[in-house]
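Read the structure below first, then the notes.
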Protein chains: 2
Amino acid sequence: MQPLLISDSLLVKLKSIGSMRRMAADAVLMNEDDYIQAIPIVLNGSIKVMRTDDDGKEILLYYIKPGESCVMSFLGATCNERSKIKAIVDEPAEILMLPISKAVELIRSAPEWIEFIFQLYNRRFEELLDVINAIAFQKVDERLWELLRKKSEMNKSKELAVTHQQVADELGTAREVVSRLLKQLEKSKKITLSRNKITIL
Amino acid sequence: MQPLLISDSLLVKLKSIGSMRRMAADAVLMNEDDYIQAIPIVLNGSIKVMRTDDDGKEILLYYIKPGESCVMSFLGATCNERSKIKAIVDEPAEILMLPISKAVELIRSAPEWIEFIFQLYNRRFEELLDVINAIAFQKVDERLWELLRKKSEMNKSKELAVTHQQVADELGTAREVVSRLLKQLEKSKKITLSRNKITIL
DNA sequence: GGCTTACCGTAACTTAAGTCACATAGCTAA
DNA sequence: TTAGCTATGTGACTTAAGTTACGGTAAGCC
């Protein structure tokens, strides 16, 4: 996947328009069914985007990384729709909040802005397709292993500070299932387990 | 869901740019990994968009209906990427094929075109989220029943001319499973079954 | 230290779904 | 009309995943 870093010139422009906001881990940036008030651009840290079920179950869709935005919010906002997803701070983040009216104006004045949004839409689209492939065609043990690797790559660390419950939530399954499968991975020497920590070997 | 019919003025403009193409049912408009040569706008009929697995399994993502387009193709095309999905004609269709260069030009010259694309992206995004919800949180019997109702609504007919195998493919499951669940639906008086036909009561 | 809480391990069981095997039924073309 | 194909019905079995239940253990706190 390409970097898709937002261009410096665009970023400067956006900064002059929006307001900065710092958010701690696990803070909820947006909840399902919220009205969308602003477009968030992530400058540091990362945001976890989840889809939730009516009865509380949820599943990880993708991460928003620095230089990216929550595209769902873009069109949702212009149509005054409610959010279809839940966004939670994963790593403590600095987020640039763009008022919607300004973001819409930008479409006229900044062609790079359109370009940026299109690219982002496309990337998110592909990520959703990946999620669909995963849950439709893969078994949980594969998905688990891929999730661990993705997390490790994201944090640039072999040690993941997560509980089994958190992993289970991201996969949309039960904690016991995850514990069982993690144990298998440990037996096959791919990871080691300790409390609140999974180490990839 | 709103109609999102393409505006007349935009349609006239597009028709002057693209070329018409008629396609019979089951014709393949686009295959996974194809390079994208043109942007299709569906004028009549409908297109079925599927995601396929490496080992042949597939699952229905959504339908493209008249006045809509395959947005995946849009950005994919501008980036010279390969298609991530497979598009098959469902009901015999008339399709307007827009050369990519022209479609890109339009972004400058026709603001309604951008608007159109954004709206479409958004709709497709939501549909993918629905698919994710369905496969992550629903059981196959529910998904089956919803698919039947959707098809019935789409064709404006209580009689569906499909085989169990076709339904199974769209749900990404096995024929036997579908036969079994259809039988249950028949027993609970929601449908009647006959060869190549399912009738919703 | 002792208490509490959150986390983890695991056995036992249930259930949904996938798979296999084969029987039968309906259509169609020679 | 009958052979042959495709579609359907169904029982029996396997497997993955979800559920229940409970015991153990590390961490944090008074």
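Quick note on labels: first sequence line is chain A, next is B, and so on, each numbered from 1. Keep in mind that what you see is a predicted model, and the values were worked out from it rather than measured.
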Atom [atom1] of [X] and atom [atom2] of [N]: how far apart are they, to the nearest Å?
X        : N      : atom1 : atom2 : result
B:Lys139 : C:dT14 : NZ    : C1'   : 12 Å
A:Leu185 : C:dC8  : CG    : P     : 15 Å
A:Asp169 : C:dC8  : CG    : C1'   : 15 Å
A:Leu181 : D:dG18 : CG    : P     : 9 Å
A:Asp53  : D:dG18 : CG    : P     : 13 Å
B:Leu171 : C:dG18 : CG    : C1'   : 14 Å
B:Phe137 : C:dA17 : CZ    : P     : 15 Å

Between B:Asp130 and A:Arg51, does any NZ, NE, NH1 or NH2 come within less than 4.0 Å of an OD or OE carboxylate oxygen?
yes

Is B:Glu94 salt-bridged to B:Arg21, going by a charged N under 4.0 Å from an acidic O?
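Result for this pair is no, no salt bridge flagged.
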
Keeping the roles fixed (side chain from B:Arg123, backbone from B:Phe118), state whether a donor-acceptor pair exists under 3.5 Å.
no

Donor-acceptor contact present, side-chain A:Ser188 to main-chain A:Gln184, <3.5 Å:
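Confirmed, A:Ser188 side chain pairs with A:Gln184 backbone.
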
Polar pairs (N or O, both sides) under 3.5 Å between protein and nucleotides 8-14 of chain D?
from   : atom 1 : to       : atom 2 : distance (Å)
D:dT8  : OP1    : B:Asn196 : N      : 3.2
D:dT8  : OP2    : B:His164 : N      : 2.8
D:dG9  : OP1    : B:Lys183 : NZ     : 3.1
D:dG9  : N7     : B:Arg175 : NH2    : 3.1
D:dA12 : N6     : B:Arg180 : NH1    : 3.4

Less than 6.0 angstrom from the centroid, inside 45 degrees of the normal: does B:Arg124 satisfy that with respect to the ring of A:Phe125?
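So B:Arg124 doesn't make the cation-pi contact.
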
From A:Val178, A:Leu144, A:Val167, residue fulfilling side chain to side chain contact (heavy atoms under 4.5 Å, CB included) relative to A:Thr173
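The option that passes is A:Val178.
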
